[in-house]
Number of protein chains: 2
Amino acid sequence: MSLDQLSYFVAVAEEGNIGRAARRLHISQPPLTRQIRQLESELGVELFLRTPRGVQLLPAGHALLPRVRRVLAEVVAVKESVRDSRACADERGDSELPSPASR
Amino acid sequence: MSLDQLSYFVAVAEEGNIGRAARRLHISQPPLTRQIRQLESELGVELFLRTPRGVQLLPAGHALLPRVRRVLAEVVAVKESVRDSRACADERGDSELPSPASR
DNA sequence: CGGGCTTACGGTGTGCGTAAATATC
DNA sequence: GATATTTACGCACACCGTAAGCCCG
């Protein structure tokens, strides 16, 4: 289970359509389908009901959605926390990393 | 940033020694060093102070540790939540996945 | 010297993209 | 027939392990 897979899961759940979710994630449908399948296989539960019109959350997926959102939100909080630490160091004139790693 | 990197970070912080953390994680030192370096580069902050006797958390790393632990704990909660959903389905006799994906 | 972190190098595994196939309205 | 999901194939990227280098007590 990776953070990407969790983001993919949320995107598919919100769009209700794998193709549209893929476009939103800037990837193509096949990898997204496989990642969702892999996540389901790893968890041992079917998360979505596939229909010819799109996908729909099954009970297990519905229960998971808020928890996954919480994980991703915590990750964002981690990054923001780091930004604060970096700003503090910058104010003191510390040069932590010669290579800013532009991202 | 991956969940593995976050686990690695916690292990190194707890052991105060990359080599020992690597043995605990069942990997070797070089990959662990690289992953920590990559995490620092991606975040733009030095997390540890390298000394000849081991490593020590810098302020940024110290601030990050509890947040990272929270993320990992949420991930565990996600997995447990899934286990509950699966148990419920099993009681109803649902056969969700033909391939149990033995893990 | 000895312990510990880091860089170099080779091999393996995983994930993405394009193309083709299947099923439903 | 059109839309949506899935499988097949090929390629590139990333990670790990072993080996060698560097630094400090």
Please determine whether a side-chain nitrogen or oxygen atom of [X] lies at a distance below 4.0 Å from atom OP1 or OP2 of [N].
{"X": "B/Ser28", "N": "D/dG17", "result": "yes"}
{"X": "A/Arg50", "N": "D/dT6", "result": "yes"}
{"X": "A/Arg34", "N": "D/dT7", "result": "no"}
{"X": "A/Arg37", "N": "D/dT6", "result": "yes"}
{"X": "B/Thr33", "N": "C/dT6", "result": "yes"}
{"X": "B/Gln35", "N": "D/dC16", "result": "yes"}
{"X": "A/Gln29", "N": "C/dC16", "result": "no"}

Rounded to the nearest Å, what distance is computed from the [atom1] atom of residue [X] to the [atom2] atom of nucleotide [N]?
{"X": "A/Leu25", "N": "C/dG15", "atom1": "CG", "atom2": "C1'", "value": "14 Å"}
{"X": "A/Phe48", "N": "D/dT5", "atom1": "CZ", "atom2": "P", "value": "11 Å"}
{"X": "B/Met1", "N": "D/dC15", "atom1": "CE", "atom2": "P", "value": "14 Å"}
{"X": "B/Gln38", "N": "C/dC5", "atom1": "CD", "atom2": "C1'", "value": "17 Å"}
{"X": "B/Glu42", "N": "D/dA14", "atom1": "CD", "atom2": "C1'", "value": "13 Å"}
{"X": "B/Ile36", "N": "C/dT6", "atom1": "CD1", "atom2": "P", "value": "9 Å"}
{"X": "A/Arg23", "N": "C/dG17", "atom1": "CZ", "atom2": "C1'", "value": "16 Å"}
{"X": "A/Leu39", "N": "C/dG15", "atom1": "CG", "atom2": "C1'", "value": "15 Å"}

Tell me which nucleotide among C/dC16, C/dT24, D/dT5 gets nearest to the side chain of A/Ile18.
D/dT5
Neighbour count above 12 (heavy atom, 6.0 Å) for B/Arg53 CZ:
no
Sugar-phosphate only, base, or nothing, as touched by [X] at under 4.0 Å among non-hydrogen atoms:
{"X": "B/Tyr8", "value": "sugar-phosphate"}
{"X": "A/Gln5", "value": "nothing"}
{"X": "A/Asn17", "value": "sugar-phosphate"}

Exactly one of B/Asn17, B/Leu39, B/Leu32, B/Leu47 should register a side chain to side chain contact (heavy atoms under 4.5 Å, CB included) with B/Val12. Which one does?
B/Leu32
[X] to [Y] - nearest heavy-atom pair and separation:
{"X": "A/Glu42", "Y": "A/Met1", "result": "OE2-N, 2.7 Å"}
{"X": "B/Glu46", "Y": "B/Leu58", "result": "O-CD1, 3.5 Å"}
{"X": "B/Val10", "Y": "B/Val68", "result": "CG2-CG1, 3.7 Å"}

Let me know, please, whether A/Asp4 or A/Pro52 comes out on the 5' side of the other along DNA chain C by nearest nucleotide.
A/Asp4
